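Worksheet for the structure shown next.
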Amino acid sequence: MSNLKNDLFLRACRQEQVERTPVWMMRQAGRYLPEYRAVRAKSDFITMCKTPELAAEVTIQPVDLIGVDAAILFSDILVIPMAMGMHLEMIESKGPVFHKPIRTSGDAKALKKIEVEKDLKYVLDAVRLTKQELNNRVPLIGFSGSPWTLLTYMVEGKGSKNFSEVKKMIYNNPELAHSLLDKIADAVTDYLNAKIEAGCDAIQIFDTWGGILTQDEFFEFSHEYITKIVSGLKRKNEPVIVFAKGVYYKFKRQIKCGCDVLGLDWTMDIGRVRTRVNDKVALQGNLDPTILYAHKNVIAEKALEIMQSYGQGNGHIFNLGHGILPDVPPENAKFLVDFIKEASYEFHK
Ligand code: CP3
């Protein structure tokens with residue numbers, strides 16, 4: 001039994017009875033909130049990640065301001081490559097940049113094995129402080145990137161359009177790609193186990209770039225390593241959510257990774273996916289994040305369509321189909337959350 005005051009999110013992840021659908025938003029701790037920008041104005045992004053007080057403060061903002069049913073730790077997937085020794089720079093208006101990307105087996109050998117308690121102590125301290133400050137109001141989600149999504153950044157060195165460098169690696173030197181993915185999977189497993197140990201109530205694995213692969217490649221280069229991580233987790237009953245953006249096929253095979261929840265992007269039909277997986281896992285999603293630009297009646301209509309598509313019963317966690325966009329009006333985000341809280345009762349009668 002948890003001592004959380006609001007454990008709707010965890011119950012929905014486990015497909016247990018809930019009286020209404022829980023709701024949170026990917027990237028909810030971020031720039032659309034003026035309160036986030038006020039903290040961010042005083043420190044750069046990496047300093048914020050490395051300062052537990054600041055990370056805890058912005059993690060809790062959407063709980064207080066928007067009323068979401070779960071908090072997600074403010075951090076970044078790229079803390080793993082940083083801990084492995086890569087130098088990260090967050091360039092304003094350009095995003096993350098590694099000036100020395102991994103291209104050869106020599107580069108790969110230079111990556112160090114991480115010691116989570118030492119190299120990523122700042123994340124674990126942020127988890128502990130956030131749990132304390134949340135005071136059991138809502139569960140705290142810890143996350144990591146999937147090995148494949150981390151590899152794309154480590155090899156490309158920055159955001160990419162065609163992913164030419166990482167694709168060259170999987171075609172021309174698949175052994176190197178596999179050995180890197182294996183090394184990253186081990187690091188992520190240790191990292192997520194430490195986050196659970198520090199107090200995270202659930203885990204989400206972001207496979208933001210799973211969808212740039214062919215179907216066979218997805219299972220070979222991404223799913224395989226997600227499976228390795230999930231099977232290596234030491235959990236009491238913390239649920240695992242896997243969000244593989246753009247991976248709209250073979251859902252029954254996808255859930256063999258051992259996840260409790262599959263995260264869906266907005267191109268997927270949540271009701272059809274529910275039928276495909278036959279209620280073996282819970283589903284999270286999947287409102288198009290750009291709907292939050294629309295008038296409130298449109299937001300309500302589209303959100304209701306998703307709940308109707310999922311249908312009656314447990315196992316739905318309402319979310320966006322990807323991260324909330326930085327120029328969305330916060331009142332629209334609040335409207336969505338309030339709407340789900342009111343309108344979802346009728347799906348749980
Ligand atoms: O969801 C949350 O609120 C928790 C915080 C969170 C951040 N990044 C904060 C962040 C999470 C879960 C992430 C994950 C992340 N980071 C992903 C996977 C999820 C996804 O959205 O696909 C990826 C691919 C990254 C890498 C990353 N970090 C990029 C590409 C960028 C720049 C793009 C951008 O939005 O500016 C970041 C920076 C980043 N991570 C910001 C935040 C709030 C913006 C930084 C700022 O304040 O300037």
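Note that ligands are numbered from 1 as they come in the structure, with each ligand's atoms numbered from 1 the same way. No experiment lies behind these values; they were computed from the predicted model shown.
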Parallel, tilted or perpendicular: which describes the rings of [X] and [Y], with under 30° parallel and over 60° perpendicular?
X: Phe221; Y: His178; result: parallel
X: Phe335; Y: Phe339; result: parallel
X: His322; Y: Trp266; result: parallel
X: His316; Y: Tyr310; result: parallel

Quiz item: Rounded to the nearest 0.5 Å, how far apart are CD1 of Ile317 and CG of Asn286?
Solution: 12.0 Å
Considering only heavy atoms of [X], which atoms of ligand 1 have at least one such atom less than 4.0 Å away?
X: Tyr36; value: 43 (C), 45 (C), 46 (C), 47 (O)
X: Phe74; value: 43 (C)
X: Tyr153; value: 24 (C), 30 (C)
X: Thr208; value: 18 (C), 19 (C), 20 (C), 22 (O)
X: Gln28; value: 1 (O), 2 (C), 3 (O)

Self-check item: Sidechain N-carboxylate O distance under 4.0 Å for Lys113, Glu115
Solution: no
Quiz item: Is the cationic atom of Lys195 (NZ for Lys, CZ for Arg) positioned less than 6.0 Å from the six-membered ring centroid of Phe143 and within 45 degrees of its normal?
Solution: yes
Compute the minimum heavy-atom distance from [X] to ligand 1 and say whether it is under 4.0 Å.
X: His322; value: yes
X: Pro96; value: yes
X: Met90; value: yes
X: Ile324; value: no
X: Gly323; value: no
X: Trp209; value: no
X: Pro326; value: no
X: Phe243; value: no

Quiz item: Transitively linked via ILVMFWY side-chain contacts under 4.5 Å: Leu134 with Leu124?
Solution: yes
Quiz item: Shared ILVMFWY cluster between Val18 and Ile340, side chains joined below 4.5 angstrom?
Solution: no
[atom] - nearest protein heavy atom and its distance:
atom: atom 46 (C) of ligand 1; value: Arg40 NE, 3.2 Å
atom: atom 16 (N) of ligand 1; value: Asp76 OD1, 3.1 Å
atom: atom 7 (C) of ligand 1; value: Ser75 O, 3.2 Å
atom: atom 42 (C) of ligand 1; value: Phe45 CE1, 3.5 Å
atom: atom 4 (C) of ligand 1; value: Leu73 O, 3.6 Å
atom: atom 19 (C) of ligand 1; value: Phe206 CD2, 3.3 Å
atom: atom 36 (O) of ligand 1; value: Arg31 NH2, 2.9 Å
atom: atom 3 (O) of ligand 1; value: Ala29 N, 2.8 Å

Quiz item: For His99, which of Glu89, Lys158, His87 qualifies under side chain to side chain donor-acceptor pair (under 3.5 Å)?
Solution: Glu89
Exercise. Report the member of Ile77, Asp207, Ile205, Ile46 with the shortest heavy-atom distance to atom 17 (C) of ligand 1.
Key: Ile77
Where does [X] meet ligand 1, judged by heavy-atom distances below 4.0 Å: at the side chain, the backbone, both, or neither?
X: Gln204; value: neither
X: Arg27; value: both
X: Thr149; value: neither

Exercise. Could you tell me whether atom 33 (C) of ligand 1 has a protein heavy atom closer than 4.0 Å?
Key: no
Practice problem: Taking the six-membered ring for Trp and the full ring for Phe, Tyr or His, determine whether the centres of Phe98 and Tyr153 are under 6.0 Å apart. | Solution: no
Self-check item: Shortest non-hydrogen contact between Ala29 and Thr59, atoms and distance
Solution: CB-CA, 4.4 Å
Quiz item: Are the side chain of Asp76 and the backbone N or O of Leu78 linked by a donor-acceptor pair below 3.5 Å?
Solution: yes
Exercise. Determine yes or no for a side-chain-to-main-chain donor-acceptor pair under 3.5 angstrom, with Gln254 supplying the side chain and Tyr249 the backbone.
Key: yes
Quiz item: Run the side chain to side chain donor-acceptor pair (under 3.5 Å) check on Asn332 and Tyr293 step by step: do they pass?
Solution: CA-CA 8 Å; Asn332 289 10; Tyr293 294 132; over 6 Å; no
